[in-house]
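Scroll down for the structure; my scribbles are underneath it.
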Amino acid sequence: MAKVSVQHVFKIYPGDKGKDVTAVEDINLEIADREFVVLVGPSGCGKSTTLRMIAGLEEISKGDVFIGDKRVNDVAPKDRDIAMVFQNYALYPHMSVFDNLAFGLKLRKFPKAEIKKRVTDAASILGIESLLERKPKALSGGQRQRVAVGRAIVRQPKVFLFDEPLSNLDAKMRVQMRTEITKLHQRLQATMIYVTHDQIEAMTMGDRIVVMSDGIVQQNDAPLKLYNEPANLFVAGFLGSPPMNFVTGTFKADGDKLRFCEIEGGTIDVAFRAVDRPAARDFVGKQVILGIRPEDLEVAKFERKDGREKGENSFPAIVDIVEPMGAETNLYLQTGAHTLVCRSQNSLDHKEAGHRFQFEMNLEKAHLFDPISTRRLTYDAREKTDA
């Protein structure tokens, strides 16, 4: 296996009237030996283009790619010692599964005994021993994908590249296959780079996630670090299902607290301890964006009609839509200025729609963002100011 280094790589396409189009801009990645790294982002963000430049299927406009200690910019794809698994399987329809798995080895003049051993071993790893005599048309989508992965395994490459390999499968099969690919990585201890637009795949599979948008890396970190400490509004909104709620409001100084008030017409009025949010002090009297994940909102334990004092982390909202999910319930709330999603542990049903409830916000889990730069404000002095 080998490490992969992507250094200041650009992909620039010639555009109309001499205006070039930059698809990938100054990508820098260091992927360690045996690491599983996921490139994730919406369609058109440059993730597949980056993968194809690593594979040699796209020419690099600027920068360098190293596999191991070897610069591979001018090395043909077949000589880079990589194996790629595509979205569309790319199986030969007239060949049996065995021959599809063996084809690349035959081209490289491997001995028949070695070919048989590698194909048998790969089939055993993937649980497709009984399918070796079948043609691809006799296989299900999941079985075809296993064959495509098996064709990569028999090569025993330095690096495995996956380009949205599960996007053609149904939801149940995607869950099964992502588990199998994760187990495969653990078993082979291989260097793997995986591209997907599905943030659930990214969160559940990767040792590290690289979030991309508009050809630029937005954040590069461990899954839970990205989820709990997003660098900016894009990362915060992209990771999570349902996605993070964003509320626009203003900050006001209130003694030892900083009070966030939703913009005109809204009901959210909550207070942060100023000592916990030093970076937010610069936004007193200015607009700021509050981000809160659905699971960090909950129906309050008290109602305003009880005569108890309203908590500094609570606010009223009308439940617009109720989605019972079994163990939890998704509530769509109207605050007057915003629509929020609450992932509640309370067993509410459709009859609650249209009613007004008091909701509590876990302020320790709330994020604050600069509406101009979109960067997240630091939680406290222990976090880096550029987080």
Side-chain angles (χ1 to χ4, degrees), residues 6 9 22-31 35-51 164 167 178 193-249 260 272 276-277 279-280 282-283 287-297 338-343 361-380 382-387:
V6 180
V9 165
T22 301
V24 172
E25 182 176 344
D26 199 19
I27 296 290
N28 290 279
L29 296 174
E30 296 294 331
I31 300 167
E35 191 176 18
F36 194 135
V37 171
V38 180
L39 307 184
V40 66
S43 297
C45 72
K47 56 189 184 297
S48 289
T49 302
T50 301
L51 191 77
E164 304 210 37
S167 58
R178 74 176 186 233
I193 306 174
Y194 187 103
V195 161
T196 181
H197 64 274
D198 187 328
Q199 51 95 14
I200 295 177
E201 280 183 28
M203 288 291 295
T204 55
M205 297 176 73
D207 297 326
R208 187 155 50 91
I209 300 174
V210 179
V211 183
M212 296 184 65
S213 176
D214 298 326
I216 299 171
V217 172
Q218 302 293 316
Q219 194 170 355
N220 174 3
D221 219 320
L224 290 180
K225 183 83 169 178
L226 288 175
Y227 190 81
N228 293 322
E229 298 178 21
N232 55 37
L233 282 170
F234 178 83
V235 176
F238 188 81
L239 294 178
S241 181
M244 183 181 289
N245 299 295
F246 296 115
V247 181
T248 302
F260 175 89
F272 295 89
D276 289 338
R277 307 279 177 160
D282 294 336
F283 286 79
Q287 201 168 83
V288 70
I289 296 174
L290 183 151
I292 188 76
R293 294 203 179 275
E295 61 267 29
D296 296 323
L297 293 175
H338 294 86
T339 299
L340 309 183
V341 182
C342 164
R343 182 184 289 169
M361 183 182 297
N362 185 345
L363 295 182
E364 290 186 0
K365 297 290 186 69
H367 302 282
L368 298 169
F369 299 89
D370 182 338
I372 297 175
S373 70
T374 77
R375 302 290 292 178
R376 182 175 65 94
L377 307 185
T378 55
Y379 179 85
D380 61 29
R382 291 170 295 178
E383 287 190 20
K384 295 179 182 179
T385 55
D386 62 351

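Any value given below was found using the heavy atoms of this structure, including those in side chains, with hydrogens, waters and symmetry copies removed. Everything numeric here is computed off the predicted structure, so don't read it as measured data.
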Problem set entry | Minimal non-hydrogen separation, Asn245 against Leu340, with atom names | OD1-CA, 3.4 Å
Exercise. If you measure from CG on Leu290 to OG1 on Thr248, what distance do you get to the nearest 0.5 Å?
Worked result: 9.5 Å
For this session: Begin with the C-alpha distance, continue with both residues' side-chain angles, and end with the deciding distance and a verdict on side-chain contact (heavy atoms from CB on, under 4.5 Å) for Val288 and Leu377.
Result: CA-CA 10 Å; Val288 70; Leu377 307 185; 4.2 Å; yes
Exercise. For the atom pair OH (Tyr194) and CG (Asp207), what is the distance rounded to the nearest 0.5 Å?
Worked result: 14.0 Å
Exercise. Leu226 versus Val211: any side-chain heavy-atom pair under 4.5 Å?
Worked result: yes
Problem set entry | For Pro294 against Met244, the heavy-atom pair lying closest together | CD-CA, 4.3 Å
Seminar exercise, completed: dist Glu295:CD -> Lys365:NZ (nearest 0.5 Å) comes out at 7.5 Å
Exercise. Can you name the nearest heavy-atom pair linking Ser48 to Val195, along with the distance?
Worked result: OG-CG1, 3.6 Å
Exercise. Is the side chain of Ser373 donor-acceptor paired with the backbone N or O of Arg375 at a distance under 3.5 Å, no angle test?
Worked result: yes
For this session: Could you tell me whether the side chain of Arg376 and the main chain of Pro230 form a donor-acceptor pair under 3.5 Å?
Result: yes
Problem set entry | Backbone of Val40 reached by a side-chain donor or acceptor of His197 within 3.5 Å | no
Exercise. Hey, what do you get for OG1 (Thr196) to CG (Asp198), rounding to the nearest 0.5 Å?
Worked result: 5.0 Å
Exercise. Taking the side chain as C-beta and beyond, is there a heavy-atom pair between Phe36 and Ile193 under 4.5 Å?
Worked result: no
For this session: Please check if the side chain of Thr374 supplies one atom and the backbone of Pro371 the other of a donor-acceptor pair under 3.5 Å.
Result: no
For this session: Can you see which heavy atom on Gly237 is nearest to which on Phe246, and at what distance?
Result: N-CZ, 3.7 Å
Seminar exercise, completed: Taken to the nearest 0.5 Å, the spacing of Met203 CE from Ser241 OG works out to 11.0 Å
Exercise. Is it the case that Gln218 and Asn232 place a side-chain donor and acceptor less than 3.5 Å from each other?
Worked result: yes
For this session: Would you check, one step at a time, whether the test side-chain contact (heavy atoms from CB on, under 4.5 Å) holds for Asp26 with Val9?
Result: CA-CA 5 Å; Asp26 199 19; Val9 165; over 6 Å; no
Exercise. With a cut-off of under 6.0 Å to the ring centre and 45° to the axis, is Arg277 in cation-pi contact with Phe260?
Worked result: no
Problem set entry | Listed partners of Arg208 passing salt bridge (Lys or Arg N to Asp or Glu O under 4.0 Å), at least two apart | Glu35
Exercise. Within the distance-only criterion (no hydrogens, no angle test), does the side chain of Asn362 pair as donor or acceptor with the backbone N or O of Glu364 below 3.5 angstrom?
Worked result: yes
Exercise. Would you say the side-chain atoms of Arg343 pair up with the backbone N or O of Asp296, donor to acceptor, closer than 3.5 Å?
Worked result: no
Problem set entry | Check against side-chain contact (heavy atoms from CB on, under 4.5 Å), Lys47 and Thr50 | CA-CA 5 Å; Lys47 56 189 184 297; Thr50 301; 5.7 Å; no
Exercise. Where is the tightest heavy-atom contact between Pro42 and Phe234, given as atom of each residue plus distance?
Worked result: CD-CZ, 3.6 Å
For this session: Over all heavy atoms of both residues, which pair between Leu239 and Arg293 is shortest? Give the atoms and the distance, please.
Result: O-NH1, 2.8 Å
For this session: For the pair Phe369 and His367, name the ring-plane relationship: parallel under 30°, tilted 30 to 60°, perpendicular over 60°.
Result: tilted
For this session: Would you please name every residue forming a side-chain hydrogen bond (donor to acceptor under 3.5 Å, both in side chains) with Thr339, sequence neighbours left out?
Result: Gln334
Problem set entry | Point-to-point distance, once rounded to the nearest 0.5 Å, from CD1 of Ile289 to CG of Leu368 | 10.0 Å
